[in-house]
2 protein chains.
Amino acid sequence: MSVFEKIFKQKGISLTASRLAVFNVLENASGHMTINGIFTAAKQLDPGLGLSTVYRTVNTLCSLNLLEKHEFPDIEAVYEKTAAAAKDHHHHIIDRDNGKIEEFSSCELDNLLRKIARQNGYDMLGHKIEIYGKKLQNK
Amino acid sequence: MSVFEKIFKQKGISLTASRLAVFNVLENASGHMTINGIFTAAKQLDPGLGLSTVYRTVNTLCSLNLLEKHEFPDIEAVYEKTAAAAKDHHHHIIDRDNGKIEEFSSCELDNLLRKIARQNGYDMLGHKIEIYGKKLQNK
DNA sequence: TTGAGAATGATAATCATTTTCAAATATAAA
DNA sequence: TTTATATTTGAAAATGATTATCATTCTCAA
């Protein structure tokens, strides 16, 4: 059973066909997915699926901290599994030339952020890092 | 003459009363401003001002890299001067309990980000850092 | 099997933002 | 200055993403 299913069952939220279809798409997604991407893919699994249900399911997953919404300027919002649901934890580099999003991880960065939060009197619960850049030529 | 005015003049974009009113509000703002905050304040200076013009002016400032839009989940978007227009450069800590936004600066963090970008084959043009946290008790 | 509550899809409503457009204003040319 | 052209403006309409509504359909425990 998938992580999403496990948590829903645990919380007493029923595992309907619509929700399972959305889960399936999200759990097998390699990276970022837009609402419409999720909708289109999940509709293949559950043809009668409605867009409202996708929004509802996705919002529920977000409030359970299993999914995270990323909003970048001028780019359609994307969703992806949180560290709680996936193993890896990463951040984003957005290419200013073509809008492409790359990922990176850095423990050093995470530790520094935690330290900074503490210095400012906060216990860090989460963070969002976006680097905007331009691809280097000489490589 | 303010930075905004200087750049507009330099780019050949005319300095109309509406634009100067918006500039005035933004240049004298202490921190973050919402679109409606800007609109309300600038209307005092230029009573006939329309909301469309505020959006247009703010968008122009953003594309000139003089202003930056920050979008936080569940919070109205805010605008603030970029490092190019202001002297200081900072990031945000969002209090998960009350939604309050605090600011912090860290050269160490900026340098680390630049290094990470370079390691990933990018020249860093900008970045956005948000830490979500909970205020510590024992202080 | 049945009945109360939860979930659903279609549609309408909402909200921030953008576009349209005719009128007003600024700018340049003569 | 007068005139012609281009830019800017505010109001209103259009848009696009998201949320709310609501009648219908499903779930599942009794």
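For the numbers below, each heavy atom of this structure counts, side chains included, while hydrogens, waters and symmetry mates do not. Protein chains get the first letters and strands the later ones, always in sequence-line order, with residue 1 at the start of each.
Across the protein-nucleic acid pair, A/Y55 atom OH and C/dC15 atom C1' stand 13 Å apart, rounded to whole Å. The nearest whole Å value for the distance from the CZ atom in B/F39 to the P atom in D/dT9 is 13 Å. Note: CZ (B/F23) to P (D/dT8) measures 11 Å, nearest angstrom. Distance A/R56 CZ to C/dA10 P: 11 Å, rounded to the nearest Å. The distance between atom NZ of B/K43 and atom P of D/dG10, rounded to the nearest whole Å, is 8 Å. Separating the CG atom of B/N59 from the P atom of D/dT9 is a distance of 13 Å, rounded to the nearest angstrom. In this structure, the CG atom of B/L15 is 12 Å from the P atom of C/dA26, given to the nearest Å. In this structure, CG of B/L51 is placed 9 Å from C1' of C/dT17, rounded to the nearest angstrom.
Within 4.0 Å (heavy atoms only), B/R19 reaches sugar-phosphate atoms of the nucleic acid but no base atom. Within 4.0 Å of B/K69, counting heavy atoms only, lie sugar-phosphate atoms of the nucleic acid but no base atom.
Looking at B/E102 and B/K135, a side-chain N of the basic residue comes within less than 4.0 Å of a carboxylate O on the acidic one, giving a salt bridge.
Of the two residues near DNA chain C, A/I13 and B/S52, the one whose nearest nucleotide lies more 5' is A/I13. For the pair B/E71 and B/S14, nearest-nucleotide mapping onto DNA chain C gives the more 5' position to B/E71.
When the side-chain nitrogen and oxygen atoms of B/T16 are compared with OP1 and OP2 of D/dT9, one or more of them lie within a distance under 4.0 Å.
Taking the six-membered ring wherever Trp is involved, the centroid distance between the rings of A/Y55 and A/F39 does not fall below 6.0 Å.
Contact check for A/V78 versus A/E71: no side-chain heavy atoms found under the 4.5 Å cut-off.
Relative orientation of the B/F4 and B/F23 rings is perpendicular, given thresholds of 30° and 60° on the angle between their planes. Classified by interplanar angle (parallel below 30°, tilted 30° to 60°, perpendicular above 60°), the ring pair B/H32/B/H70 is perpendicular.
Side-chain atoms of B/L49 lie closest to D/dG10 of the nucleotides D/dG10, C/dT18, C/dG9.
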